[in-house]
Amino acid sequence: MNETSLVKKIVITSESLHKLYASLLRTTIFRHLNKMRCFRKRSAIPVLGVLIICLLFMNLYIEDEYVLEEDKHLRDTSTHQLGSDRYSHSIKNLSNLSSSINVTYRILAGMPLSRKRYLTIGLSSVKRKKGNYLLETIKSIFEQSSYEELKEIMVVVHLAEFDSTWCENIVQDISRKFSHHIIAGKLTIIHTPVEFYPMLEGLKRNYNDPDDRVKFRSKQNVDYAFLLNFCANLSDYYVMLEDDVRCSRNFLTTIKKVITSRKGSNWVTLEFSKLGYIGKLYHSHDLPRLAHFLLMFYQEMPCDWLLIHFRGLLAQKDAIRFKPSLFQHMGYYSSYKGAENKLKDDDFEEDAFEIPDNPSANLNTNMNVFENYEPIKAYSSTEEYFWAKSPSSGDFYHIVFEKPIKINKIKVCTGTEDRQNDILHHGTLEVGERLVGNKKGKKCTTYLRLGDFKNGNFEMENIDRKVLFNIDCIRILVTKNQIEWLIIKSISIWTTEPMNQ
């Protein structure tokens with residue numbers, strides 16, 4: 001009996017059994033009442049009494065059989081620390097899964113420092129039949145990070161392999177090549193003993209997958225769950241990588257900029273790669289819930305499918321994916337049976353590229369916004385955009401910074417490839433100072449016009465040499481009515497050091 005069947009069993013409580021037997025009893029009584037016309041009342045009463053006693057004994061027998069069967073299942077799973085009681089508890093408390101899973105890890109190398117970092121990078125690795133890319137992946141993480149960035153990251157490698165000899169050899173290889181990072185508390189290697197794993201045999205064959213495929217992907221879900229559980233309190237954010245990727249240069253700086261640009265918006269997952277479980281970013285406070293979620297449904301479907309359901313349950317309907325991608329799949333052989341896996345992310349760029357700073361700001365507009373294409377969606381480097389119905393002269397898109405800044409460069413793009421006419425045909429861009437208003441709505445009292453939009457785009461550099469004041473606001477102003485709708489695809493801002501107040 002697996003966990004799913006156990007939960008179904010638990011639903012059949014003694015209360016529901018009593019209701020069933022009460023129904024049967026009423027039916028029997030009615031039948032005998034109909035026959036009472038043919039029998040004397042004195043003879044019918046003993047018959048009814050015998051029937052009632054039989055039904056009571058049947059009730060006790062079935063309840064005892066249920067208890068015995070339940071006890072037998074608990075005995076069979078007592079060696080697994082993630083037994084039935086833990087799964088049933090999790091399912092009964094879907095709204096409160098913030099507690100960690102009770103697992104005893106083996107720390108194979110390194111130890112996380114008590115100081116909380118900005119980002120934890122998690123890797124789960126198993127023995128492959130062909131190829132091993134784990135060391136190259138770790139090397140790429142450290143080599144593509146600057147000295148300052150390394151102060152803010154923590155790498156956790158989960159060796160999710162039951163072959164202890166293989167684990168020992170990998171630990172030795174990693175320790176030799178990355179000993180300074182281990183000593184500095186930047187790299188930790190962990191292992192979860194096999195007794196903490198749920199059943200991995202006889203699982204449901206969803207999607208008509210063969211048994212070995214089901215076992216592989218189900219175990220992978222559990223591997224990730226244990227890794228997430230370990231990393232829950234190590235940093236503010238967590239990104240999942242696979243053990244066969246290479247990283248873009250200064251990927252942490254890019255991730256920080258994207259997070260900053262989305263301050264004030266609700267998100268569950270930010271995606272920095274379009275492949276599998278690579279480059280998926282989470283708030284660390286969501287990791288315990290995600291770990292519980294993967295464990296509860298570990299045998300249902302692959303992890304990347306489960307993650308779509310997870311973010312949907314937390315009210316993020318659509319994927320929020322950053323382009324260009326920061327992580328690239330480099331493995332040639334899959335960890336499943338050593339099969340060839342030539343998948344590549346064609347949006348990946350390894351070298352440094354211009355990533356806007358986009359300081360924290362409040363965004364608002366008086367335009368007629370279409371559905372959920374809110375202003376925030378233009379102020380980021382993801383595949384989203386702001387979309388409004390036909391704007392009129394005087395309509396605006398307003399950016400109010402949390403604190404005054406100096407700006408070096410501004411770039412605004414409107415329209416998309418498939419909607420090339422939904423651009424700002426007539427508009428201007430202004431910067432402002434001297435905020436007035438309250439938290440619900442602030443605006444600048446003075447604006448300086450920087451220039452007009454040309455073919456739907458605006459771009460200007462060296463603004464800090466032209467604007468002598470600290471900038472509190474940016475305003476995109478529509479200067480003429482247009483029939484076409486307006487898409488603001490992206491707003492990119494590069495800052496310089498602010499002036500002394």
Side-chain angles (χ1 to χ4, degrees), residues 257-258 261-262 264-265 267 270-272 274 316-325 345-349 353-358 361-401 407-432 443-444 447-461 463 471 473-494:
K257 288 182 177 182
V258 173
S261 73
R262 301 196 67 86
S265 67
W267 58 269
L270 298 181
E271 302 184 10
F272 294 89
K274 66 180 181 182
Q316 181 186 319
K317 179 181 178 181
D318 301 317
I320 304 173
R321 191 167 79 83
F322 172 85
K323 288 179 65 175
S325 299
D345 189 336
D346 50 15
D347 293 324
F348 173 75
E349 291 185 15
F353 42 83
E354 280 193 315
I355 301 299
D357 298 307
N358 284 22
N362 295 313
L363 310 169
N364 63 82
T365 183
N366 67 340
M367 299 184 209
N368 186 2
V369 180
F370 176 62
E371 293 186 350
N372 63 336
Y373 293 86
E374 297 94 349
I376 183 64
K377 295 191 174 182
Y379 194 66
S380 69
S381 300
T382 56
E383 292 184 312
E384 299 177 300
Y385 51 80
F386 165 75
W387 201 3
K389 298 178 181 179
S390 307
S392 303
S393 178
D395 284 352
F396 60 83
Y397 180 106
H398 204 202
I399 303 172
V400 181
F401 300 108
I407 295 177
N408 174 258
K409 180 181 176 181
I410 299 175
K411 182 178 180 180
V412 182
C413 299
T414 66
T416 61
E417 291 183 4
D418 57 339
R419 297 186 181 274
Q420 298 182 14
N421 211 32
D422 285 3
I423 64 173
L424 182 54
H425 294 275
H426 302 280
T428 186
L429 188 140
E430 304 170 333
V431 294
K443 62 180 181 179
C444 288
Y447 285 95
L448 173 66
R449 176 177 165 277
L450 290 185
D452 297 327
F453 279 75
K454 296 180 180 180
N455 299 319
N457 299 317
F458 177 91
E459 184 171 358
M460 181 177 287
E461 297 184 18
I463 297 172
I471 296 173
C473 310
I474 292 178
R475 182 168 68 181
I476 298 172
L477 189 64
V478 180
T479 56
K480 188 176 180 179
N481 296 351
Q482 66 180 58
I483 299 174
E484 298 82 9
W485 289 17
L486 172 62
I487 290 175
I488 301 181
K489 182 180 179 181
S490 63
I491 300 173
S492 303
I493 299 170
W494 289 264

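Side-chain atoms are counted along with the backbone in the values below, which use heavy atoms only and exclude waters and symmetry mates. This chain uses plain numbering: 1 for the first residue, then up along the sequence.
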Q: Just verifying a value: how many Å separate Ile423 CD1 and Lys489 NZ, rounded to the nearest 0.5 Å?
A: 13.0 Å
Q: Where is the tightest heavy-atom contact between Ile407 and Ile463, given as atom of each residue plus distance?
A: O-CB, 3.3 Å
Q: Check for a donor-acceptor pair, side chain of Thr365 on one end and backbone N or O of Phe396 on the other, with a separation under 3.5 Å.
A: yes
Q: Between Glu484 and Asp422, what is the shortest heavy-atom contact and its length?
A: CB-OD1, 4.2 Å
Q: Parallel, tilted or perpendicular, judged at 30° and 60°: which one describes the rings of Tyr447 and His398?
A: tilted
Q: Is the backbone of Cys413 close enough, under 3.5 Å, to the side chain of Glu459 for a donor and an acceptor to pair up by distance?
A: no
Q: Looking at side-chain heavy atoms only, is the closest gap between Arg321 and Lys274 below 4.5 Å?
A: yes
Q: Could you label the plane-to-plane angle of the Phe386 and Tyr397 rings as parallel, tilted or perpendicular, counting under 30° as parallel and over 60° as perpendicular?
A: perpendicular
Q: Take atom NZ in Lys409; do more than 12 heavy atoms of anything else shown fall under 6.0 Å from it?
A: yes
Q: The test is side chain to side chain contact (heavy atoms under 4.5 Å, CB included); show your working for Leu486 and Asp395 and say whether it passes.
A: CA-CA 11 Å; Leu486 172 62; Asp395 284 352; over 6 Å; no
Q: Distance check, rounded to the nearest 0.5 Å: Ile471 atom CD1 versus Ile399 atom CD1?
A: 11.0 Å
Q: Looking at every non-hydrogen atom in both residues, tell me the closest pair between Leu477 and Glu430 and how far apart they are.
A: CD2-OE2, 4.0 Å
Q: For Arg419, does its backbone N or O pair with a side-chain atom of Glu417 as donor and acceptor, under 3.5 Å?
A: no
Q: Nearest 0.5 Å, please: how far is CE in Met367 from CH2 in Trp485?
A: 14.0 Å
Q: Grab the two heavy atoms, one from Val258 and one from Leu270, that are nearest each other, plus how far apart they are.
A: CG1-CD1, 4.0 Å
Q: Closest heavy-atom contact between Thr479 and Ser393?
A: O-OG, 3.4 Å
Q: Rounded to the nearest 0.5 Å, how far apart are OH of Tyr379 and CG of Asn358?
A: 4.5 Å
Q: If you measure from CG on Asp452 to OG1 on Thr428, what distance do you get to the nearest 0.5 Å?
A: 4.5 Å
Q: Evaluate the criterion side chain to side chain contact (heavy atoms under 4.5 Å, CB included) for residue pair Val412 and Leu424; output intermediate values, then yes/no.
A: CA-CA 10 Å; Val412 182; Leu424 182 54; over 6 Å; no
Q: Find the distance between CG (Asn372) and NZ (Lys377) and round it off to the nearest 0.5 Å.
A: 4.0 Å
Q: If you draw a 6.0 Å radius around NZ in Lys411, do more than 12 non-hydrogen atoms from other residues or ligands fall strictly inside?
A: no
Q: Do Asp357 and Lys257 come close enough that some side-chain heavy atom pair is under 4.5 Å?
A: yes
Q: Please find the pair of heavy atoms, one from Pro391 and one from Val478, that lie closest to each other, and give the distance.
A: CB-CG2, 4.0 Å
Q: Determine whether Ile487 and Thr414 make a side-chain contact, defined as any pair of heavy atoms from C-beta on separated by less than 4.5 Å.
A: no
Q: Please work out whether the ring planes of Tyr373 and Phe370 are parallel, tilted or perpendicular, with thresholds of 30° and 60°.
A: parallel
Q: Take atom CG of Asn455 as the centre, draw a 6.0 Å sphere, and report whether it contains more than 12 heavy atoms from other residues, nucleotides or ligands.
A: no
